[in-house]
Amino acid sequence: MIVKKLCILFLGGCLWGGGGVAARSPLRVSPATVQLGEVPLRSKNRIELTCVNVSDRPLVIREVRTDCTCTKPVWPKSPIMPGDSVRVSVVLTPTDRGAFYKTLRFVTVPTTDDEPVQVVLRGKVY
């Protein structure tokens, strides 16, 4: 009986908010994962990302958050019109040897309730 009630509560929650279709991010960034392979210590590694406004309103990239100071993104501060794309340049200058997994998080205006769009940089420093 308790299991039946829990199932009804769960299904009700799915139908009346909480389990419905999530809001889609207004920004699409590609590639989502960048495999850099093996890179030399303290080398400047430039990555180009393409950001597309997939919403029906102008969009501004307010911030690109990084995991560390070795990753420096540069992006246009002007609004991106619906359907338009911009290039974001990222320079990774590794300071430690070993495998790395760096995350870039794109914060936009307007925002959504979803997590920011993320791009992952992976590789190994020798």
Side-chain angles (χ1 to χ4, degrees):
M1 190 67 171
I2 292 176
V3 174
K4 188 175 182 181
K5 287 181 182 180
L6 287 175
C7 286
I8 291 171
L9 286 173
F10 173 75
L11 288 173
C14 288
L15 293 174
W16 290 292
V21 177
R24 205 173 103 209
S25 173
L27 185 70
R28 184 176 307 135
V29 182
S30 63
T33 301
V34 178
Q35 292 284 351
L36 292 169
E38 293 189 356
V39 297
L41 183 68
R42 293 187 180 79
S43 62
K44 292 195 182 296
N45 301 277
R46 186 181 173 118
I47 300 111
E48 292 289 325
L49 304 170
T50 302
C51 299
V52 179
N53 178 354
V54 294
S55 74
D56 58 357
R57 301 187 318 190
L59 173 75
V60 175
I61 299 173
R62 189 183 82 190
E63 181 181 6
V64 180
R65 296 180 183 155
T66 62
D67 289 342
C68 70
T69 58
C70 65
T71 310
K72 303 281 186 204
V74 176
W75 67 95
K77 309 303 189 252
S78 58
I80 307 165
M81 294 297 126
D84 284 353
S85 64
V86 295
R87 305 286 277 174
V88 172
S89 178
V90 181
V91 176
L92 171 73
T93 309
T95 56
D96 296 318
R97 295 187 194 279
F100 63 87
Y101 184 96
K102 305 292 181 189
T103 305
L104 303 167
R105 290 172 184 82
F106 289 76
V107 179
T108 61
V109 176
T111 60
T112 64
D113 293 336
D114 294 342
E115 291 290 320
V117 174
Q118 296 186 14
V119 172
V120 173
L121 310 177
R122 300 181 79 160
K124 186 175 182 180
V125 180
Y126 62 92

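Because only heavy atoms are used, hydrogens play no part in the values below, and waters and symmetry mates are left out as well, while side chains stay in.
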Asker: Do T66 and P73 have side chains that get closer than 4.5 Å, going by heavy atoms?
Answerer: yes
Asker: Kindly say whether A32 contributes a backbone atom to a donor-acceptor pair with the side chain of S30 at under 3.5 angstrom?
Answerer: no
Asker: Can you list every pair that meets salt bridge (charged side-chain N to carboxylate O under 4.0 Å, His left out) and has a residue in residues 77-104, with sequence neighbours left out?
Answerer: E48-R87
Asker: Would you please test T108 and V60 for side-chain contact (heavy atoms from CB on, under 4.5 Å) and show each step?
Answerer: CA-CA 6 Å; T108 61; V60 175; over 6 Å; no
Asker: For residues V125 and P40, report the shortest heavy-atom separation together with the two atoms involved.
Answerer: CG1-C, 4.1 Å
Asker: Taking the side chain as C-beta and beyond, is there a heavy-atom pair between S85 and N53 under 4.5 Å?
Answerer: no
Asker: Taking the side chain as C-beta and beyond, is there a heavy-atom pair between R28 and C51 under 4.5 Å?
Answerer: no
Asker: Can you sort out the partners of R62 under side-chain contact (heavy atoms from CB on, under 4.5 Å), two or more places apart, ordered by chain and number?
Answerer: R65, V107, V109
Asker: Which of these, L92, V91, V39, sits in a side-chain contact (heavy atoms from CB on, under 4.5 Å) with K44?
Answerer: V91
Asker: What do the steps show when you test T95 against R42 for side-chain hydrogen bond (donor to acceptor under 3.5 Å, both in side chains), and what is the final call?
Answerer: CA-CA 6 Å; T95 56; R42 293 187 180 79; over 6 Å; no
Asker: For W75 and E63, indicate whether the former's side chain and the latter's backbone hold a donor-acceptor pair under 3.5 Å.
Answerer: no
Asker: Between Y101 and L121, is there a side-chain heavy-atom distance shorter than 4.5 Å?
Answerer: no
Asker: Around atom CD of E115, are there more than 12 heavy atoms from other residues, nucleotides or ligands closer than 6.0 Å?
Answerer: no
